[in-house]
Each structure stands twice: as structure tokens, then as C-alpha cells.
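Here's the structure we're looking at; comments come further down.
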Amino acid sequence: MRYKNMFDKVSAKGHLAYIPFVIVGDPDAELSLKIIDTLVANGADGLELGLAFSDPVADGPVIQQATLRPLANKFSIEAGLNLIGQVRQKYPELPIGLLTYANLVFAQGIDVFFGKCNAQGIDSVLVADCPVKESELFEADAKKNNTDLVFIAPPDADDATLKVTAEKSKGYTYVLSRKGITGTEVAATKAKTDFLQKLKQYQSPPLVQGFGISEPKHVFDAANAGVDGIITGSAIVNLINQHYNNPQIMLEQIADYVSDIAQAAHTEHTCVS
Amino acid sequence: MSLKERIDQVSDNSQYEYQGAYIGQYGGQFVPQILVPALEQLEEAFEAAIIDDEFIGELNRLLNDYAGRPTPLTECETFGRTEHCRIFLKREDLLHGGAHKTNQVLAQALLAKRMGKHRIIAETGAGQHGVATALACSLLGLKATIYMGKKDCDRQAPNVFRMKLMGAEVISVDNGSASLKDAINEALRDWASSYEDTHYLLGTAAGPAPFPKMVKRFQQVIGEEAKKQILEQTGQLPDAVIACVGGGSNAIGIFADFIKEEGVKLIGVEPAGHGLDSEAHGATLLRGTEGIIHGSRTHILQTEEGQIKESHSISAGLDYPAVGPEHVHLMTSGRAEYVGITDDEALEAFQELSKTEGIIPALESSHALAYAKKLAQAATEPTTLLVNLSGRGDKDLSHVMSILEENDQQGVTDAL
């Protein structure tokens with residue numbers, strides 16, 4: 001219900017939901033919590049939190065670099081999920097999504113993994129290397145443990161795929177700005193309206209756009225195209241990469257950046273459907 | 001035969017067939033959603049090509065006139081020869097490019113052309129697949145970009161030069177463990193934005209569907225030829241077929257035509273590195289656990305939480321922490337047996353085959369040779385072994401030379 005409540009509230013004002021992304025435990029547990037507090041204090045409507053995986057094939061160089069820090073510190077998956085539990089305690093109403101890779105879910109036992117997610121108050125899980133056609137492996141255990149599975153809709157997907165994605169995705173649907181991997185090197189282009197329209201027609205949950213969104217301009221483009229929310233990941237993670245040795249500056253820069261994007265998202269957008 | 005018996009027989013045989021993306025419970029298509037249409041397009045093109053006489057004719061012409069098929073089957077005069085045992089070598093070392101890799105690379109490159117792709121990307125570990133890709137692209141007028149771990153670029157410098165000579169661009173990958181698995185990650189990342197005009201020419205019978213099935217299909221020529229040749233030379237099928245397993249393409253290629261011959265043992269030899277019970281090996285089937293990596297549900301060397309571990313082998317071509325899904329199926333169903341050979345045992349076989357037969361084998365293939373020799377020594381009744389000599393050892397010369405020099409110095413120090 002947290003996603004629904006949040007999207008209802010945000011769209012009632014004509015705003016876009018802003019969901020920032022960071023890797024859990026980066027650069028360390030203590031600072032990771034401070035970073036997350038900074039995201040929330042500066043306007044995040046929800047969180048997308050990534051678990052560090054040794055082989056993140058969907059991620060560009062910025063997020064790959066961030067992934068290495070928790071792995072080098074032996075910050076475990078268990079520690080990551082526990083940290084999210086602490087975040088949940090602090091923010092009981094905030095939608096929290098987990099971004100992970102299939103092997104991290106599989107290794108613990110799929111039921112066990114989703115059980116832990118549920119226990120730590122995680123609302124949704126997006127498995128970056130699980131397309132809708134392989135969703136069966138995870139669906140039953142996710143459902144049993146009250147966890148929404150989020151799927152990705154690429155801009156060039158055919159109608160059949162968009163239909164299945166709209167049906168299977170719960171909480172929200174992650175719509176891609178463009179082809180490729182995460183990163184700000186290739187900026188978002190305005191999403192094609194017809195692909196978003198089709199998802200809506202197939203009764204998709206709210207549409208949240210990610211990949212290549214880094215500036216307020218991209219946020220306005222996204223609003224014009226008709227999405228319900230946006231995700232920025234690499235732009236924030238890049239600030240962590242640059243300044244993690246100087247936490248004060250890092251937190252200030254993240255605060256400035258997040259409040260800029262939040263301001264753009266929390267404007268009354270006329271085209272919001 | 002009753003209907004029931006016929007149905008039973010069909011279902012029996014189908015145990016070793018792919019059902020969609022899966023073989024048994026292994027395989028699948030675990031990739032980011034963005035890559036699914038590219039894989040589906042590839043599968044469609046592959047299924048259409050292999051029943052098209054024109055495609056098969058063109059492929060066979062290249063395999064015969066350019067690559068040098070059929071390769072010979074050579075009986076060892078001395079190596080592993082005992083009162084009871086004969087060892088036959090399938091000579092993929094004589095294929096153009098120096099290893100079995102060329103078989104399936106020519107096929108995939110032709111397929112890519114047929115699909116209208118102009119650019120090829122590939123990963124490479126030791127550089128053999130990169131070299132094969134570079135030669136095929138040069139022949140067929142395709143642009144080649146090869147991803148290679150930085151560590152591998154350093155230890156396989158001559159192969160980097162070979163690729164560049166043949167016009168390929170080589171990109172050194174310095175993230176993660178800077179080895180083969182990271183080169184695969186980087187190729188997948190490239191493909192996520194380039195699939196419209198680019199084919200990912202994966203180098204082994206692993207990865208997402210349709211690669212395991214497709215690479216098997218294009219390597220099965222090894223086993224088909226070998227079966228015919230050994231029947232001609234001995235009048236019977238071999239008692240066992242032996243091949244080394246990294247990703248598993250040369251093994252599945254020589255196994256394929258023998259899978260339904262129940263009397264023939266299939267033996268895959270994994271790199272046991274410093275020992276199966278050490279931390280340094282690449283024995284994914286014997287010591288790995290089930291998981292999902294590079295698009296496939298398969299066996300992986302991993303931590304309890306699912307982080308992928310680094311593998312180790314004296315031979316770069318076997319140094320991969322996962323394995324093709326069909327080998328997991330062949331192992332769990334009991335059809336094939338998998339064993340380990342250490343770095344030292346492989347090195348010994350490398351030297352012995354060179355000395356006794358005048359054939360310098362690849363370090364990869366030396367694992368299969370070492371196990372064949374063990375079997376030969378243990379044989380108490382007439383035994384015929386078929387070994388896939390998957391590649392030649394020229395690429396390993398400087399590596400082996402430095403190891404042997406080190407061992408010599410060690411020997412001198414120990415003696416003092």
C-alpha cells in the first residue's frame with residue numbers, strides 16, 4: 001500500500017514522484033545511513049536501494065565503481081538488508097524498493113530471500129537480470145512474502161511484452177528512457193508517448209522513468225511524456241564516488257542535487273495524466 | 001513396438017534435448033529485459049539458418065576450404081599406450097586458428113551477416129576465441145570489437161597482437177577481476193545499446209539461450225567426424241570420450257553425437273588448479289553450486305550469499321567461474337562424469353605429448369590428455385579412448401617456459 005498511498009498523494013498535486021537510487025552500504029554502513037537520511041530530508045518520495053553484486057551487467061561505470069566499495073569492505077547482503085530495516089524503522093510510510101541481481105536472490109533460497117525482504121519492510125524487488133519471461137522463478141515466493149516484483153519496460157518493446165509487463169509489474173513499472181546500461185554518459189531522451197500510453201492502456205501500475213536522468217530538464221521532459229515518477233541513480237552515486245573521502249562535502253552536494261531534482265519533480269506538471 | 005513403448009522412447013531421448021531455453025532445469029534467458037528481443041531475433045535466425053541448404057552449404061564450404069575440415073583422428077603411438085589401451089586424438093589443434101573455436105565462430109559470423117549486422121562484439125579469455133572472431137570478421141568483412149580482461153591482455157600479449165593484425169579492435173577490461181567473466185559483462189553492456197546493428201558472438205556453450213544450444217549445434221561437427229573416423233579405424237565405438245571443460249564448448253561438441261550411445265562413457269575434465277580442495281581451481285561442476293550468471297541457470301563458483309568468486313587454472317581458457325548449462329544437466333542426470341586434473345598434472349601431459357608424439361597440445365586440452373593417461377594406466381581389459389585435442393599449444397609456450405624455468409630454479413634451491 002505504501003506505493004499506492006505515495007503515488008495518490010503526489011499525483012493529486014500534479015507532481016512527479018522522485019525516487020533516488022544508491023547502493024546500500026556505500027561507502028560504509030554509517031555514511032550510507034546518513035546519505036539515505038539526506039535523500040529523504042531533501043524531497044525523496046521513495047527509495048530505490050541497490051545490493052552490491054560482483055557482476056552488475058546492467059550497470060555502467062559509475063555504479064560499478066560504487067559496487068566495489070561494499071564488496072571490498074565485506075559488507076554482506078545480510079548487513080545490507082538489515083540496514084534497510086533500520087531505514088524502515090525511521091520512515092514507516094516511505095516506499096522502499098530493492099534493486100538486485102538474480103543470483104543474490106537465488107543463492108539464499110528464493111523463499112528465504114523474499115522472507116528477509118518482507119521482514120525488513122522492503123516493498124518491492126526489481127531483479128535487473130530477470131526479464132518478464134523468466135519471472136515465474138520468483139513470482140510465487142515474492143507473493144507469499146508480500147513483496148511486489150517490479151519489471152522493466154524498454155522503449156522498443158513489442159505490444160505483447162508491454163502487456164505482460166503491465167500485468168506482472170506490481171508497485172510501479174520501471175520504464176527505460178533509452179537503450180543501454182545505467183549512467184549519465186548518455187542522457188535521457190524524452191520517452192515515446194505511445195509506449196507509455198500502451199502501458200497505461202494495459203493498466204500498468206504507475207510509470208517511473210529511469211536511465212540517464214540527471215538534470216531538472218530531464219524531469220520536465222519526463223513529466224511531459226506522461227510518467228508518474230522518476231529515478232536518478234548514477235548522478236547521485238557519482239557524487240559519492242567523487243567525495244566519499246570527505247563526507248561533509250559529499251552530504252552537502254547530495255543535499256543540493258537532490259533538492260534541485262525534487263523541486264523539478266514537485267512542480268505542478270500540466271501534462272500529468 | 002507398442003504406443004506406450006514408443007512414447008517412452010521419445011520421452012527418453014527428449015531428456016537430452018533443449019525444451020525452449022532450458023535443458024532439464026538449467027539454462028534460461030536471465031538478461032536485462034532490453035536484450036530479450038535481440039536474443040529472440042537470434043534464435044529465430046538460427047533455427048531458420050540450420051534448415052536452409054544455402055546457409056549450411058556456405059558454412060561447410062568455409063569449414064572445409066578455409067578452416068581445414070575434416071581434421072584428422074590420430075592414434076597415439078606411445079602416449080598412454082599400454083597392453084590394453086589405445087588413445088585416439090581428434091585433431092582440432094590442426095584447425096585454422098589453432099583451436100576448435102573457429103568452427104562455431106565462422107557459423108555465427110555467417111549468421112550475423114545473414115541477419116544484416118555489421119559489427120561483431122566478443123569476449124575472450126586466453127585470446128583463442130578473440131583470434132577466431134578476428135579472423136572470421138576479417139574474412140567476411142565485419143567490424144570486430146573484442147573485450148579482454150586486462151590480466152589476460154598482459155599474459156596473452158601475442159594473441160592481442162594477432163587480433164589487431166587481423167583488424168580487430170581489442171578493448172582491455174579493467175573492472176571487477178579484470179578476467180574473462182568481466183569481459184563477458186562488458187560485452188553484454190555494449191550489446192544493451194548496440195544490438196540493432198551488432199551481433200554478440202559469444203565464445204562458448206554458455207550464456208543466455210539460444211547460445212548454449214547454438215554453439216553446441218555448430219561444434220557438433222567435431223563428434224560427428226570423430227565417430228565416423230574411429231569406426232573406420234577400429235570398427236567400433238570408443239569406450240569413453242574425454243574432453244576438457246571450461247565453458248564447455250569443445251566438450252559438448254565432441255559429446256553431442258555420442259550422448260545417445262549408451263555404451264560410450266562421456267568424461268569432462270575440469271581444471272583442478274592447485275587441487276579440488278584448495279581455494280584455487282576452476283572446477284565449477286565438481287565444486288560449484290547452482291546459481292544464475294551471464295544469462296543462465298547453471299553451476300557457479302560463488303560465496304554463500306551469491307557473489308561470484310574468481311576461478312583459477314594454469315590454462316586461461318578453462319579459467320571461468322561458471323559453465324554451460326548442458327554440462328550441469330549431463331552431470332545431474334548421470335549421463336556424463338566430470339573429474340578434475342591439477343595444473344601440475346596438465347603440465348606433465350603437455351610435456352609428455354610433445355616428447356612422445358611430436359604434438360604440442362594446448363594447456364586446456366592437456367587436462368583431457370592427463371586424465372586419459374590415468375585411465376589407460378588403470379585399464380585391465382581392451383579399452384579405446386577418444387580425446388578431444390581441442391587446440392594447439394603455441395599460445396602457451398612462453399607461459400610454460402617461464403613455469404618450467406621457475407620450477408628448475410626451485411629444484412636447484414631445494415637441492416641446496
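Reckoned from all heavy atoms, side chains included, excluding hydrogens, waters and symmetry mates.
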Enclosure of A:Lys163 NZ (heavy-atom neighbours >12, cutoff 6.0 Å): no
Spacing of CZ belonging to A:Arg178 relative to OG belonging to B:Ser193, to within rounding of 0.5 Å: 8.0 Å
Over 12 foreign heavy atoms within 6.0 Å of CD, A:Gln201: yes
Chain B contact via A:Thr67 - side chain, backbone, both or neither, heavy atoms under 4.5 Å: neither
Salt bridge flag under 4.0 Å for residues B:Arg297 and A:Glu134: no
Shortest non-hydrogen separation from B:Glu305 to A:Glu78 and the atoms involved: OE2-N, 3.0 Å
Separation between CD1 of B:Ile300 and CG of A:Asp55, rounded to the nearest 0.5 Å: 9.0 Å
Winner by heavy-atom pair count (cut-off under 4.5 Å) against chain B, out of A:Leu68, A:Val127, A:Thr161, A:Val132: A:Val132
Which atoms of A:Phe53 approach chain B - backbone, side chain, both or neither, heavy atom under 4.5 Å: both
Steps toward side chain to side chain contact (heavy atoms under 4.5 Å, CB included) verdict (B:Gln307, A:Leu104): CA-CA 7 Å; B:Gln307 306 290 1; A:Leu104 296 180; 3.9 Å; yes
Within 6.0 Å of CD in B:Glu304, more than 12 heavy atoms from elsewhere: no
Sidechain-backbone polar pair: A:Ser54 side chain, B:Ile308 backbone, donor-acceptor under 3.5 Å: yes
Part of A:Ala157 lying under 4.5 Å from any heavy atom of chain B: neither
Expected output: side-chain B:Asn185 to main-chain A:Val57 donor-acceptor under 3.5 Å: no
Nearest heavy-atom neighbours spanning A:Ile152 and B:Gln33: O-CG, 3.4 Å
Heavy-atom pair count under 4.5 Å with chain A, highest-scoring of B:His294, B:Glu186, B:Lys309, B:Glu196: B:Glu196
Contact class of A:Gln65 relative to chain B, heavy atoms under 4.5 angstrom: neither
Proximal component of A:Leu176, with respect to chain B [non-hydrogen, under 4.5 Å]: side chain
Proximal component of B:Glu40, with respect to chain A [non-hydrogen, under 4.5 Å]: side chain
Rounded distance [0.5 Å steps], CG in B:Leu39 versus NZ in A:Lys133: 7.5 Å
B:Ile34 versus A:Pro155, closest heavy-atom pair with distance: CD1-CD, 4.4 Å
Interface residue of largest heavy-atom contact number with chain B, from A:Pro131, A:Pro56, A:Ala107, under 4.5 Å: A:Pro131
CD/B:Glu44: more than 12 non-hydrogen atoms of other groups inside 6.0 Å: no
Toward chain B, the part of A:Asp59 with a non-hydrogen atom under 4.5 Å: backbone
Which of A:Ala128, A:Cys130, A:Ala58 touches chain B most, by non-hydrogen pairs under 4.5 Å: A:Ala128
Residues, nucleotides or ligands: over 12 heavy atoms within 6.0 Å of A:Glu30 CD: no
Separation between CZ of A:Phe106 and CD1 of B:Ile293, rounded to the nearest 0.5 Å: 12.5 Å
